[in-house]
> 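Got a structure for you, questions after.
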Amino acid sequence: MKIGIHDLDIATTHYVLNLDSMAKALDIDPNKYHIGLGQDEFSVPAPDEDVVTMGAEAVARLLERHDKSKIRMVLFATETGIDQSKAAGVFVHGLLGLPQSVRTVEFKQACYSGTAAIQTAVNHVARYTDDQVLVIASDIARYAADSGGEPTQGAGAVAMLITANPALVEIEPDSGVFTADVNDFWRPNDSSTPFVEGKLSLDAYLDATIGAWDDLVSRRGVKIDDIHRFLHHQPFTKMARKAHTKLAEHVGVELGPELIEESMAYNRRLGNSYTASLYFGLVAQLHGNDDLAGKRLGLFSYGSGSVSEFFTAVVQPGYHDHIYPAHVADSLDRRVEVSFDEYRELHAAYNGASENYETEEVTQAPFRFAGVTDRVRQYETR
Ligand code: CAA
């Protein structure tokens with residue numbers, strides 16, 4: 001029986017910063033961003049947006065097409081958790097009015113945990129074949145001002161429905177996994193921005209690419225030619241190019257840039273969305289090529305720290321009838337552009353405290369974060 005991603009939808013933030021504005025303000029050659037990092041813009045959250053509001057919007061769009069009574073489990077994957085105890089998915093569950101007979105839990109391992117959630121969902125459906133699992137990957141990549149990571153910020157959410165006989169992609173059994181204890185990127189409990197060893201993070205990512213690939217080959221004997229497109233985690237899209245080059249050197253074959261190009265279209269404009277980034281890559285891949293039916297995708301998921309996975313997915317016949325490029329175009333195009341100074345004001349105004357406060361009403365999205373009352377985060381449906 002085939003199990004995989006039956007349907008998916010996305011959301012991002014109210015604001016966007018064009019990296020030309022950052023280049024001008026910081027007196028940096030814009031080509032460092034456009035060519036050097038492969039990024040053009042990044043999504044910036046309004047004060048009344050967070051991972052719950054983005055995740056809930058993506059789920060609401062997805063569930064317009066499905067019967068929510070079949071959902072048995074909600075897995076929320078994020079690096080940007082909003083509570084140390086309560087799963088962000090429970091807020092989404094409430095906002096969407098999901099059935100109470102649902103297991104809800106949060107997954108964490110930097111940018112990797114969306115993949116762990118998908119594999120958990122696939123395993124659940126293998127045992128309970130009529131069940132559906134909702135996986136939400138939602139993140140806000142927020143680095144310190146003036147740090148190397150600042151131009152690679154971003155935000156977005158992808159909601160995915162995992163079922164038997166999926167309409168989009170079958171997740172194939174046997175993946176390659178790789179864990180290495182490395183301090184390349186981490187965020188202690190008292191910090192709203194990560195600490196990053198930039199050069200180490202690149203090397204750790206590339207080592208993990210090879211480690212996970214080798215494990216995949218040893219588990220299943222996959223050959224590089226069996227894979228028609230490669231989708232690598234995209235903290236910035238140039239990173240996927242580096243991984244592609246490294247993999248080609250490792251296996252000793254030429255892998256043309258066209259094998260990764262289509263997966264980068266959305267992340268160039270969203271910036272890093274951590275757990276959602278690879279899945280925005282998948283959305284872009286499915287939207288960017290109408291000849292993928294029966295083709296195998298190789299997906300590489302990396303989460304600093306580090307845990308990674310190389311797995312394969314086969315695109316299903318008729319997938320064209322189940323994709324919604326207009327939703328992505330709408331989310332990207334409707335964002336309101338901010339100046340560099342406005343972006344820096346929003347960045348500095350971030351409030352992670354749990355004292356009482358109300359947020360200004362800005363977002364036009366269906367759900368908003370209204371502030372905190374008596375230590376409880378308040379969400380509203382608009
Ligand atoms: N024209 C064209 N290219 C230019 C240029 C110009 N004018 N100026 C610079 N460049 C190129 C550089 O040559 C370099 O390219 P290569 O890497 O191919 O050599 C590229 O632009 C970046 O330049 P620098 O290396 O000088 O950039 P930096 O040191 O300021 O920052 C970074 C790079 C360390 C990756 C930084 O963006 C960062 O810390 N990012 C956050 C960490 C990260 O994303 N790491 C990736 C792996 S970890 C991961 O994947 C998990 C995750 O999501 C965070």
Side-chain angles (χ1 to χ4, degrees), residues 9-17 42-63 74-98 104-108 114 134 136-143 153-159 187 189-194 270-276 330-332 334-336 338 342-382:
D9 220 312
I10 68 100
T12 186
T13 60
H14 181 74
Y15 291 123
V16 62
L17 179 75
F42 64 75
S43 287
V44 179
D48 57 349
E49 293 177 321
D50 68 7
V51 290
V52 169
T53 63
M54 289 191 299
E57 182 180 1
V59 172
R61 286 174 152 184
L62 178 69
L63 292 186
V74 176
L75 304 178
F76 196 108
T78 188
E79 191 272 357
T80 328
I82 41 115
D83 191 283
Q84 295 282 44
S85 175
K86 182 172 172 178
V90 177
F91 290 100
V92 173
H93 179 280
L95 287 168
L96 273 297
L98 297 179
T104 305
V105 72
E106 186 164 309
F107 277 44
K108 179 179 73 175
L134 183 60
I136 306 157
S138 182
D139 264 312
I140 297 170
R142 186 172 175 279
Y143 290 88
Q153 295 178 110
V158 180
R187 190 161 66 80
N189 286 342
D190 60 353
S191 180
S192 65
T193 52
L270 283 159
N272 196 354
S273 57
Y274 292 161
T275 54
D330 171 56
S331 292
L332 291 173
R334 78 174 181 211
R335 291 173 302 171
V336 176
V338 283
E342 288 166 331
Y343 143 70
R344 275 286 178 93
E345 269 174 43
L346 286 162
H347 187 279
Y350 169 81
N351 188 353
S354 66
E355 281 92 33
N356 284 0
Y357 69 99
E358 285 180 20
T359 57
E360 185 190 344
E361 194 161 343
V362 178
T363 186
Q364 299 298 303
F367 306 99
R368 65 179 294 272
F369 166 56
V372 176
T373 309
D374 296 336
R375 309 278 175 196
V376 179
R377 289 177 81 85
Q378 306 294 324
Y379 291 94
E380 290 173 353
T381 302
R382 292 182 58 256

> State, without any angle test, whether R335 and T12 hold a side-chain donor-acceptor pair at a distance under 3.5 Å.
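T12 and R335 do not have a side-chain donor-acceptor pair below 3.5 Å.
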> Hey, what do you get for CZ (R377) to NZ (K86), rounding to the nearest 0.5 Å?
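Atom-to-atom, R377:CZ and K86:NZ are 11.0 Å apart.
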> Are V51 and F76 close enough, and set up right, to give a side chain to side chain contact (heavy atoms under 4.5 Å, CB included), and what steps lead you there?
CA-CA 10 Å; V51 290; F76 196 108; 4.1 Å; yes
> Report the residue from T53, D48, D50 that forms a side chain to side chain donor-acceptor pair (under 3.5 Å) with Y379.
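Among the candidates, only D50 passes.
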> When rounded to the nearest 0.5 angstrom, what distance separates OG1 in T104 from CD in E106?
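Atom-to-atom, T104:OG1 and E106:CD are 11.0 Å apart.
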> Under 3.5 Å, is there a donor-acceptor pair between the side chain of T359 and the main chain of F369?
yes
> Rounded to the nearest 0.5 Å, what separates atom CD1 in I140 from atom CD in E79?
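Atom-to-atom, I140:CD1 and E79:CD are 10.5 Å apart.
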> Determine whether V74 and V59 satisfy the following criterion, side chain to side chain contact (heavy atoms under 4.5 Å, CB included), listing intermediate values before the conclusion.
CA-CA 11 Å; V74 176; V59 172; over 6 Å; no
> Hey, could you give me the OG1/CD distance between T363 and E57, rounded to the nearest 0.5 Å?
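Taking OG1 in T363 and CD in E57, the distance rounds to 7.0 Å.
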> In the structure I gave you, are the side-chain heavy atoms of S331 and R61 within less than 4.5 Å of one another anywhere?
yes
> Using a cut-off of 6.0 Å, state whether more than 12 heavy atoms not belonging to E358 lie near its atom CD.
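Not buried by this count: 12 neighbours or fewer within 6.0 Å.
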> Under 3.5 Å, is there a donor-acceptor pair between the E49 and T13 side chains?
no
> Going through the checks in order, is the side chain to side chain contact (heavy atoms under 4.5 Å, CB included) test met by L134 and L62?
CA-CA 10 Å; L134 183 60; L62 178 69; 3.6 Å; yes
> Please determine whether side-chain hydrogen bond (donor to acceptor under 3.5 Å, both in side chains) holds for the pair T78 and D139, giving the CA-CA distance in whole Å, both sets of side-chain angles, and the decisive distance to 0.1 Å.
CA-CA 6 Å; T78 188; D139 264 312; 2.9 Å; yes
> Centroid separation under 6.0 Å, is that true for the rings of F42 and Y343?
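Close enough - the centres of the two rings lie under 6.0 Å apart.
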> Heavy atoms, side chains only, cut-off 4.5 Å: are V338 and L346 in contact?
yes
